[in-house]
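A short write-up of the structure that comes next.
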Amino acid sequence: MAEELQEVLAPYPVERRYLLRILQGVQQKMGYISEEALEGVASHLKISPAEVYGVATFYNQFRFIPYGKHHIVACLGTACHAMGGQLILDAFERELDIKAGGITPDHGWSLDRVGCIGCCTKAPVVVINDVIHAKMSPFKVEEVLAGLGLEMRKEKEEEEAGEGESQ
Ligand code: FES
């Protein structure tokens, strides 16, 4: 992590005006802005971590948690919202037991919401691991997750819980 951060920071002089570009570089390199990275950027630019955090949270392009093994993005742009996008997001939140912007404790799944992703004719749309799932519905959510192994995870957890009870 520290080495990756150094690679991002190295080309930039100690000038606050590079803060946004550095944050973009960190996110591109690491996928998110960790607390460690945030402090590293602050130290490099000789400004406070609070200032870096303030700028990073001002722009919604930055995320502060890593992606899960499977990353799901539910579109809630106008077309998708009108076609039931919120119900689809609700279904993912229910099935994964996390909220949008969250990640499961095993880091297997992360969930986000976005505005329009530019394919409104396929609304409502969900993007999973960079693959677009068109004409989604809440009923398809379980099926899509099962196809990616969620059911297996649930079964394994139930098995483990059963073994724990029998001991
Ligand atoms: S609103 Fe969802 S793709 Fe445009």
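Atoms within a ligand are numbered from 1 in the order they appear, just like the ligands themselves. Numbering starts at 1 and runs along the sequence shown. As the structure is a prediction and not an experimental result, all values here were calculated from the model.
Annotation: Q61, atom CD; neighbour count of heavy atoms from other residues, nucleotides and ligands within 6.0 Å is above 12. Shown here is E15, whose CD atom has more than 12 heavy atoms of other residues, nucleotides or ligands within 6.0 Å.
At a 4.0 Å heavy-atom cut-off, the residues surrounding ligand 1 are C75, G77, T78, A79, C80, C116, I117, G118, C119, C120, listed by chain and number.
Across R21 and Y12, no two heavy atoms sit closer than the pair CB-OH, 3.9 Å. Across every non-hydrogen atom of P138 and L87, the tightest pair is CG-CB, 3.8 Å.
Aromatic ring centroids of F64 and Y53 lie under 6.0 Å apart.
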Name the atoms and distances for all side-chain donor-acceptor pairs under 3.5 Å in residues 120-132, with sequence neighbours left out.
from, atom 1, to, atom 2, distance (Å)
N129, OD1, H71, N, 2.8
N129, ND2, H70, ND1, 2.9

